[in-house]
Each structure stands twice: as C-alpha cells, then as structure tokens.
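First the structure, in the form of structure tokens, and then the observations on it.
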Amino acid sequence: MLFRESAASLATRTRLEGQLAGLLTENFLHKHRHQPQPSEVRSWERSIPALTNALIEAGLGDVEMMLEYALPLTSKRADVILAGVHPGTGEPSYVVVELKQWSEAYPEDDPLLCRIDAYPDPVLNPIEQVRGYCDYLISFNGALERIPDSVTGVAYLHNATDLGVAGLRAVTEDDRGRMFTGDQRGAFLGYLRSRLAAKPGAEAADALLQGKVRPSRQLMTVAAEEVRNREQFVLLDEQRLAYETVMSAVRQARRSDHKQVVVVAGGPGSGKSVIALSLLGDLYRRGVPALHATGSQSFTKTMRKIAGARKPEVQRLFRYFNSFMEAEPNDLDVLVCDEAHRLRKTSANRYTKASLRTGRPQVAELMDAARVPVFLLDQHQVVRPGEMGTVEQIQAAAAEQGLDCTVVNLDSQFRCGGSDAYLRWVVDLLGLEGNAPTTWEPDGKVQLLTAGTPQELEDFLAARRAQGYGARMSAGYCWKWTTKITPSMHTLPADVVIGEWARPWNLFGDRALLGAPPAPLWATDPAGFGQVGCVYTAQGFEYDWSGVIMGLDLVWRTDRWVVDRSASKDPSFTKATADEDVDRLVRNTYKVLLTRGMIGTIIYSTDPETREKLRSLIPPTL
C-alpha cells in the first residue's frame, strides 16, 4: 500500500496542487525501486480526486482510503480499497475500487475482453478485473475468512458516458463486480452510502491490514481438484487476459476452422503454470480435446502423480514435447506447452527411430498438433545447451507457417512473496541485463539472508520446517552426481561435500530409495529435505523457504562475476558449448534457484570472496 488516509484528509491534499501525486510517487519509488509509469501518475492526479470528491459529497469523509493496496503474495495492486462500517450490520465493510479514465471502450467477441483506442491489444473488462481482485483478496486475507460478504467491488469510469461503454455491460454484474460511469454519479453516491456508513473507518482498515496472509495454495497440492473438479485459482489481470485469449481462440477455431498460436511470457512465479492448469481443467471439463506438455521430466511426472493419482485418464493429459512427432495435424483442439523455454531444436534423440529423424523443428511439430497451440515461457530460465524457446523464435515459426500469433506478457508475479523488488535485485545481482549488483533493501514481502556455513543454512531451514513451513536446499551443479544407487546401499552417497559438511544430491531416477523420493518428486515430497536439489529438479517448482548453495562455477572477483566452466560438473556442458553460452546458462541457473522461495531465501557461497560480497549486499539478519 502506498498511502492511507481518511477521505476528508485526502481531499485536503488533492486541493494542494501536485501534493498527492508527488507524495505517491515518492512512496512508490521507495517501495518499488523505480519510477511509476506516467499513466499511473495521471491516474493519481485525476482519478483519485474524482473518487475522493464523490465520498465527500456522499457524506463519507471519515471512510479510510487505502491507495495502491498490494494484494497478498502478489505484485498486483488494487487502485483503492475503501474501509468503513456497513450501515446495516455495523460490521467492517470494504469496497475495492478500480478507477479508469476511459471515456469509451468496446467489447471484443468475448465480452470479458475489451478494447480502448489508447491500447493496441485487448484488456480485461474492468467489471471482471475488480471481481478478480475481490475474490483473490477474500482467498488470501485471513481477516475476511469470517466475513467474506463484507467485500464488494466496483469499477468507476468517471470520464465515461453510459453510451460510450454500454458494451461492457454484457458481463454479468454482481456484488463483487459492477460498474458506474460519470453519467451515473448519483447512483454511485447511493451505492457508496449503501455499503459505508458516515462513521470512522480506521478500525476496519487496521483489521484488513493486520489480517494474517494465508499460505499460498501451492500449485502441486491442488492440481487434482483443479483438473478433475473445479477451478481452485483466482486469475488476475494479465493472467485472466491470457486465459480468455486462449478460450476465445478455441471458440474461433471450432466456429470457423481457424488456427492460432498464443504465447504467454512471464518471469518466475508470474502464474504461467496456474494458467496452464486452469486452461486444462476447464477444457477437460468441457470435453474439449486438449493436452499439457513440457520439456521437464520432473514437472510432467509430478503432474501425473498428483493430478492423476486416482484417474489414469488424467495422467495421460500430461506429455512431453517430443511426444508429438507422429501426431496427426490438428488432432487436438488445444496443446498447452508449459515451460516452453525448454523447447529443443528437434525432438529426435538417440532412441528415436531412423524414420522419424526428419530434422523438423520441435516447435513446428507442436504447432501442427493442435488448432490452438499455447506456449508459456520465461526466456531467462534457459539453463541447458540446446534449449531454444523464446518469444521471437515461436513468432518466427508461426510466421513461417502463415499462422496468427498473439503474445500476452505477464507483468505480475506471485512467487517470492509477490516482491518485484526482489526479482529485480536477483536480475541485477547476476548481471542478467547488464546492471551491477545493488544492496538489498528489505521490502516486507520476502526475506533474504546469508549463511556463514552450509550447516548454518541447513539448521535455519530445519527450524523453519519445525514451524510448519516447507523448505529445500539446492545448489549449482558443482559436484559430481552418483547416479547408480542400489538397494544394497545403506545411505545415499554424500556427493555435495563442503569441508566437513556433506549431503547427497536428490535421488537420481524414478524410484524411491532409502527414504528419499524419486527425482521428479524431490521438490514436492516432504522427504526431499536433507538432499540437495539441482536446477533440473527445482525448476518449475516452489517451496516456502529456499536455501541456495553457490558453487565455484560463479564467483565474485574484485568488481565482477567470473564464471569458471571447469568448476561445473553439469554433463550437458560439452567442449562444443561456447564460453558465452556457459556464462549465460550458469547465471540463469542461479536465477532459477534464487527464485524458488515464496517466503524467503538464504544463500551460502563456497567461495570466501563471494561470501563477503553477498554479506555486503544483504543486511545481516541471521
């Protein structure tokens, strides 16, 4: 939240030219470490005063206004939440307000999407946008568990006429999603009075802000219900836009024999796999032929085990990218390609029959297999030589086949406590976009610590597990991995050795042995703690607390990072792998490992100079 004050006090600020926008800009810069977009500043200058004046005119000057309220465990923000007392029940009452400066807007074929002249691409209908915010807030703020009906949502288009946005009302309106225009100002005042009494709202605002954030319902633990029964996730803004874009393409494909490629691009924790499962679950329930595919053995096997635990037909929904070499063109309506940054140049490997070694690009095979191929990817998560899934490559492949390609970018993220600042800090730390490392400034969303020894790191994580949190240790691929484990062994080989501390890598293979889960389930099975995971078993997953061990493949020397390829034991690196590729892949590996934790991350480096550099960047809290 950027600022909180009563409507009367805020009205006084808005009368002082520029004071409110300047204050919010200053708070935004302090919290997010970058300047707000000009469109946001214009909204603060124009839309917030319009709402504030409406509250004053309605006699609600004591209502609390919480500006740019951060939704729990995500970087998404509601424009304003009004907190007060319900005039009928006397209970706390909250109104989530989405402010729009639009004067006109037009629905797409799908009424959940709309267009305005200022934007080249469709956006989510604001009625549906604010409804999503309400649903999400109720799902994740413990203060609302007993009183879910205390939350309502409204989109206020104060510059619009009824005629200019009439088409948006094709979406059903209810308590959590309704819309008022400038023409309906009187009705809007009446609506505010129906939800908020002319009494101080400070106590209700306190209760909401102090509400305990419930643990995020992790992807793997609800996948069964998601696919088999009903949607478990609330999709917000760009997530919902991506979902509706795909569903609209499916309807067009069925109606007019139309084929369309959809690309959904976003960073770690932006909800790509949540979107994938939401799509798969909805399509599956509607009887639409659809499959889920990845290039990750761990992810696919986990999905098969958890989502299809009791139904073999659900297990068959989860495939690999190289499963479509012999697929009939357009045999599927939808193919959801998750983790598409792991696409390979071709699907052929040493086991492929000679008759199938055609050299056809894997991306072309996947596009051929469905009327609507969907690719979800993060370009900074390419960690293995030969992986090639980028937006530009998929767009080029679509153009080569004469196919329309729609790209939806996910700007928000839900991992790492929803902290955009932390993700930027990781990118800068590793120099992935050319910037220098910066000092971490705690933002209250995610915790970041360093450890002086690997034992200290493990003890810290064990203490978090004792409190009921999930935790895992992972490391750069700097130790050889014993892959031949036999039942005659009494313990797992302790391959990761740092001084007197030694622990095993996560178990190799698909069978559980010696109390350890198989590799694909290391990140999700509680028995995975105590083994050290590598990037290939951690990628695509999340856990509450992440312990990351940095090896000698990436060390700090004086004023820069140095990548030492000789320190890497990753068998995918060969003599043919160029130095610049190794450099990029090693940095990407640590980006993946450093962005698995939902609550916090603790880092240890085996190199003394690197440990000192990390200590200088991360305030001592352990």
Side-chain angles (χ1 to χ4, degrees), residues 218-221 223-224 227 268 272-273 276-277 280 291-309 312 314-325 327 335-352 362-363 365-366 369 375-378 381-389 472 474-477 481-485 492 495 504-513 516-525 527-528 531-543 569-573 585 588-589 592-593 596:
Q218 294 185 31
L219 181 61
M220 301 306 144
T221 58
V227 175
K272 297 182 295 297
S273 293
L277 284 178
L280 188 65
L291 290 176
H292 179 282
T294 78
S296 165
Q297 186 181 71
S298 294
F299 196 87
T300 298
K301 289 189 174 181
T302 299
M303 288 289 90
R304 286 176 175 174
K305 176 179 174 63
I306 296 178
V314 175
Q315 294 182 18
R316 291 193 290 269
L317 296 174
F318 299 94
R319 308 291 182 89
Y320 296 106
F321 289 154
N322 62 3
S323 302
F324 300 90
M325 300 174 73
L335 179 58
V336 179
C337 301
D338 205 353
E339 301 264 301
H341 42 267
R342 303 195 70 171
L343 286 170
R344 312 291 290 191
K345 186 174 182 180
T346 73
S347 294
N349 57 40
R350 58 180 176 170
Y351 303 110
T352 304
Q362 188 174 76
V363 65
E365 293 173 354
L366 297 170
F375 298 89
L376 302 106
L377 60 90
D378 174 5
Q381 287 201 47
V382 175
V383 298
R384 179 176 280 178
E387 294 177 344
M388 54 164 291
R472 291 293 183 276
S474 61
Y477 210 143
W481 191 350
T482 302
T483 57
K484 292 184 179 180
I485 310 294
L492 295 176
D495 291 324
W505 281 116
N506 58 260
L507 189 63
F508 183 85
D510 297 333
R511 291 188 305 154
L513 283 173
L521 303 183
W522 168 83
T524 55
D525 190 314
Q531 305 129 46
V532 180
C534 74
V535 66
Y536 303 120
T537 45
Q539 191 172 30
F541 297 95
E542 58 188 27
Y543 19 87
K569 308 302 180 186
D570 191 335
S572 67
F573 292 173
L585 296 171
N588 281 355
T589 291
V592 170
L593 298 182
R596 300 303 95 191

Using side-chain heavy atoms (C-beta onward) and a distance below 4.5 Å, is [X] in contact with [Y]?
| X | Y | value |
| --- | --- | --- |
| Leu366 | Leu343 | yes |
| Asp338 | His292 | yes |
| Phe321 | Ser347 | no |

So, [X] side chain and [Y] main chain: donor-acceptor pair closer than 3.5 Å or not?
| X | Y | result |
| --- | --- | --- |
| Trp505 | Tyr477 | no |
| Gln362 | Arg344 | yes |
| Thr300 | Gln297 | no |
| His341 | Asp378 | yes |

From CA spacing to verdict: side-chain contact (heavy atoms from CB on, under 4.5 Å), Asn506, Trp481: CA-CA 9 Å; Asn506 58 260; Trp481 191 350; 3.3 Å; yes
Ring centre gap for Trp522 and Tyr536 strictly below 6.0 Å: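 Ring-ring flag for Trp522/Tyr536: false, centres at least 6.0 Å apart.
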For the atom pair [atom1] ([X]) and [atom2] ([Y]), what is the distance rounded to the nearest 0.5 Å?
| X | Y | atom1 | atom2 | result |
| --- | --- | --- | --- | --- |
| Glu387 | Leu585 | CD | CG | 8.0 Å |
| Leu291 | Tyr320 | CG | OH | 14.0 Å |
| Thr346 | Glu365 | OG1 | CD | 7.5 Å |
| Gln539 | Arg596 | CD | CZ | 7.0 Å |
| Lys301 | Leu521 | NZ | CG | 9.0 Å |
| Thr294 | Leu376 | OG1 | CG | 11.5 Å |

Of the non-hydrogen atoms in [X] and [Y], which two are nearest, and what is the gap between them?
| X | Y | value |
| --- | --- | --- |
| Ala327 | Ala369 | CB-CB, 4.2 Å |
| Arg342 | Ser296 | NH1-CB, 3.6 Å |
| Gly509 | Pro520 | O-CD, 3.6 Å |
| Leu507 | Pro517 | CB-O, 3.4 Å |
| Leu492 | Pro504 | CB-CB, 3.7 Å |
| Leu593 | Ser474 | CD2-OG, 3.6 Å |

